[in-house]
Novice: 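First, the structure itself, so that you have it in front of you.
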Amino acid sequence: MGFTRRQFFTLAATTTAAAMAGCTPQQKKSSDSDDKPSSSVDLEEFKSLTLDMGAWNYDEDNDVYYQLGLQYCLKPASKIYNSLSIYVPGKYFTAEKNGKKYTCKVQEKAVVGSFTASTAPIAMPINTGTLSPQACPTEYSYEGLSTYLEAGCIYVYTGFRGRSAGYDSASGSDDLYDGGSPWPAVDFKAAIRYLRYNASSLPGDATKVFAYGFSSGGGLSAVLGSTGDCESFSPYLAIIGAAMHDIQGNELSDALYGSASWCPSTSFDVADAAYEWSAGQYVTSDSRAEGLWTKALSSDLATAYGKWINAMDLLDADGNKLGLDQTNNGIYGTGTYAKIIQTELERSADNFARDTSFPYTATPQYFDDPLFPGDPNLAKSRGVEAPSAALPNDASKSADSQNQQGQSEDQKQDQTQLQTQSQQQSAAASVTGAMQVQSTIFDTADHYFNSFNEKSAWLTYNLNRQTVSISSLKDFSAAMRPASLGVGAFDSVDRSSRANQLFGIGEKSTLHFDVIMGDLVASNTDSYTQLTGWNKDYEEAWKTDLALKDTLENDIATRVNLFNPLYFLSGTADGFATTRVAPYWRINEGVQNSETSICTSLNMRLALAHYKDVKDVAFTLVWDKGHVLAERTGNVATNLVNWIITCATQ
């Protein structure tokens with residue numbers, strides 16, 4: 001019998017109905033002069049965060065007012081990262097020059113694109129694909145702003161701490177500031193609250209904030225979209241002095257109106273298991289070679305994922321619970337959940353066949369972004385045209401230089417390794433700067449799709465209907481999305497991954513975080529000991545790390561939950577129905593993205609599709625695209641802005 005997540009919502013919300021009444025972002029105004037001041041708060045508490053309306057700079061050539069480096073919290077952990085910059089279309093202001101600056105007031109009747117000065121949405125990029133720290137720009141450039149500002153958007157570039165703790169040279173302190181989960185989200189939430197604290201002075205609709213990012217940046221966007229006003233973040237926000245109420249004493253919200261992501265890397269509680277289920281369990285080489293203990297771990301993780309899916313509440317379009325069935329070889333390889341993935345892949349291939357003109361040149365795609373941290377909107381794809389910029393070039397340059405100053409030793413080592421890699425790659429680069437990659441020209445769609453059947457016939461193209469049929473997820477994985485990461489793709493056995501850094505604590509910069517892996521290691525020690533590569537210290541490593549606590553005495557599992565959208569979207573989790581979830585979502589995933597499991601983005605789409613108050617989920621699985629800003633057609637920035645316009649005007 002089918003059921004919906006709305007039934008789950010009703011049950012879970014019983015004890016929090018009063019707190020959650022009217023819990024959509026647009027219903028929680030950032031300020032309202034008709035509301036009575038609260039007698040329980042200090043109305044002067046956040047007065048120093050008031051935006052100076054007499055400190056605007058002006059780009060006359062492009063008609064843009066802007067302010068750079070605005071501190072958005074009272075007690076910044078890092079002056080480099082806890083600040084933001086605001087860019088406003090000139091028509092939204094009337095201004096009076098005062099020396100080198102301008103005093104601005106909102107021009108209520110102004111119209112830019114589809115918006116007035118009071119209805120304009122706020123676009124906030126997350127330009128770190130690997131969740132390195134993002135610093136706001138210290139110099140102005142118009143490059144990359146035009147797509148957003150000409151459409152009538154307010155553009156806000158927010159600095160925030162990244163996946164590791166670090167040192168802030170700008171403060172002159174030798175103290176290590178906290179980093180990793182949940183601090184990037186905490187900082188971003190504080191920035192949103194700052195904008196809403198100053199909403200009465202700024203043009204735009206401060207309730208309609210859109211965040212967007214790629215890879216781990218996309219994962220952060222998903223976290224922000226699913227954790228609006230989450231009480232678990234409040235103690236973290238208090239540490240940095242984030243604005244909690246407006247000048248009338250009304251509670252401020254940090255909920256998004258829209259979240260967009262490309263190839264999001266998130267849901268780390270089950271990321272390793274999902275990766276092995278979708279790709280790793282079919283591989284028999286490297287860390288998955290027979291006889292290695294990591295091969296056994298790969299199989300056990302895949303099995304654990306099958307059981308996890310069966311315990312979840314993911315639903316199909318008709319409200320039927322999705323699940324996986326175990327086959328005679330012990331693999332959870334069939335069932336309604338597998339069928340959903342197959343259907344999505346076929347739809348993606350059908351779209352590609354109809355969208356693509358032949359002859360077609362197929363070129364491997366991945367970002368040529370070795371100088372970490374990267375800006376996904378400015379990074380160049382090897383062998384393909386670079387996507388359009390989504391922020392000022394100077395903003396990216398500023399972030400790069402400042403990030404160097406505020407990095408931990410682990411990040412500096414990472415930077416050095418990647419710079420070396422860049423130098424090695426440069427030797428192979430063409431005169432245009434694009435890497436030499438092998439491209440293949442296909443004269444017809446039939447020849448293109450048949451090329452994937454080299455080892456086995458798993459994909460069939462119907463020439464008359466221009467449709468594709470897929471018979472095997474195993475063969476799909478081998479041909480198009482093979483495992484490119486080792487066992488422990490995210491929680492590396494030697495704690496060497498970026499995700500290990502995300503859950504580090506202070507000087508313990510990399511820690512194990514995967515409870516599923518920890519349980520498997522503990523319960524299967526006797527059998528793993530008999531296999532090659534096992535180290536007797538592994539069991540204690542997971543046990544010790546998972547017990548460690550952060551500044552607020554939260555353990556690793558809690559911090560993983562705070563960075564897991566499904567913890568707040570699934571009726572099976574304690575976080576369900578406790579937050580304000582963004583009503584609009586855009587999720588694009590490259591079919592050939594081997595950096596994450598295909599399940600990550602799909603699970604988000606399935607959970608969001610039945611979540612109360614989510615109005616629309618634009619999910620696109622893009623064929624013949626990998627770990628890139630995957631778009632079915634068109635320009636990345638233009639498509640994004642058009643989506644923002646559509647959502648903001650509904």
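One is the number of the first residue; the rest follow in order along the sequence.
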Novice: Kindly indicate whether a cation-pi arrangement holds for R161 with Y81, taking the cut-offs as under 6.0 Å to the six-membered ring centre and within 45° of the axis.
Specialist: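 R161 over Y81 ring: no.
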Novice: Which of parallel (below 30°), tilted (30 to 60°) and perpendicular (above 60°) describes Y148 and Y212?
Specialist: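 Because their plane-to-plane angle is under 30°, the rings of Y148 and Y212 count as parallel.
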Novice: What's the separation between atom CD in E251 and atom CG in D229, rounded to the nearest 0.5 Å?
Specialist: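 Going from the CD atom of E251 to the CG atom of D229 covers 6.5 Å.
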Novice: Tell me if a side-chain donor or acceptor on S261 pairs with a main-chain N or O of G219 at a distance below 3.5 Å.
Specialist: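 No.
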Novice: Would you say the ring centroid of Y257 lies under 6.0 angstrom from that of F210?
Specialist: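 Centroid distance Y257-F210: below 6.0 Å, so yes.
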Novice: Could you give me the CA-CA distance, side-chain angles and deciding distance for N62 and D59, then say whether side-chain hydrogen bond (donor to acceptor under 3.5 Å, both in side chains) is met?
Specialist: CA-CA 6 Å; N62 298 294; D59 171 7; 2.8 Å; yes
Novice: Could you tell me whether the side chain of S234 reaches within less than 4.5 Å of the side chain of E231, counting heavy atoms only?
Specialist: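 Yes, close enough: below the 4.5 Å cut-off.
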Novice: To check you understand the geometry: which heavy-atom pair defines the closest contact between Q501 and S164, and what is its length?
Specialist: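 Q501 and S164 have their closest heavy atoms at CB-OG, 3.4 Å.
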Novice: Run the side-chain hydrogen bond (donor to acceptor under 3.5 Å, both in side chains) test on D187 and Y236 for me, step by step, so that the C-alpha distance in whole Å, both residues' side-chain angles and the decisive distance to 0.1 Å come before the verdict.
Specialist: CA-CA 9 Å; D187 291 350; Y236 291 95; over 6 Å; no
Novice: Side chains of L202 and I154, heavy atoms from C-beta outward: is any pair under 4.5 Å?
Specialist: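 In short, these two side chains do not touch, never coming nearer than 4.5 Å.
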Novice: With sequence neighbours excluded, what pairs up with K101 under the side chain to side chain donor-acceptor pair (under 3.5 Å) test?
Specialist: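 If we apply the side chain to side chain donor-acceptor pair (under 3.5 Å) test to K101, skipping adjacent residues, the hits are N57.
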Novice: Does K615 make a cation-pi contact with Y584, if we ask for NZ or CZ under 6.0 Å from the ring centre and within 45° of the axis?
Specialist: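 No, cation not above the ring by the 6.0 Å, 45° rule.
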Novice: Run the numbers on R586 and E631 for salt bridge (charged side-chain N to carboxylate O under 4.0 Å, His left out), then give the verdict.
Specialist: CA-CA 11 Å; R586 186 179 194 267; E631 293 288 331; 2.8 Å; yes
Novice: Name each donor-acceptor pair under 3.5 Å that joins a side chain in residues 102-112 to protein atoms two or more places apart or in another chain, with its distance.
Specialist:
from, atom 1, to, atom 2, distance (Å)
T103, OG1, N98, ND2, 2.4

Novice: Between D178 and T551, do the side chains contain an N or O donor and an N or O acceptor separated by less than 3.5 Å?
Specialist: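 There is such a pair between these side chains.
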Novice: Has S85 got a side-chain atom pairing as donor or acceptor with Y157's backbone, closer than 3.5 angstrom?
Specialist: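 A pair under 3.5 Å: no.
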Novice: Using side-chain heavy atoms (C-beta onward) and a distance below 4.5 Å, is L68 in contact with C136?
Specialist: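 No, too far: nothing below the 4.5 Å cut-off.
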Novice: Treating S78 as the side-chain partner and I80 as the backbone partner, does any N or O pair qualify as donor plus acceptor under 3.5 Å?
Specialist: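 Indeed, once roles are kept as given, a pair shorter than 3.5 Å links the two residues.
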Novice: Is the side chain of D205 donor-acceptor paired with the backbone N or O of A120 at a distance under 3.5 Å, no angle test?
Specialist: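 Between the backbone of A120 and the side chain of D205 there is no qualifying donor-acceptor contact (under 3.5 Å).
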Novice: Would you indicate whether the side-chain heavy atoms of I644 and C153 approach each other to under 4.5 Å?
Specialist: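 The answer is yes; the side chains approach within 4.5 Å.
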Novice: Assess the side chains of S259 and S221: does a donor N or O sit below 3.5 Å from an acceptor N or O?
Specialist: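 Indeed, the side chains of S259 and S221 share at least one donor-acceptor pair under 3.5 Å.
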Novice: Say whether, by atom type as modelled, one donor and one acceptor occur between the side chain of R632 and the main chain of V622 under 3.5 angstrom.
Specialist: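 Absent.
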Novice: State, yes or no, whether a side-chain contact exists between W585 and S226 at a heavy-atom distance under 4.5 Å.
Specialist: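 Answer yes - side chains close enough.
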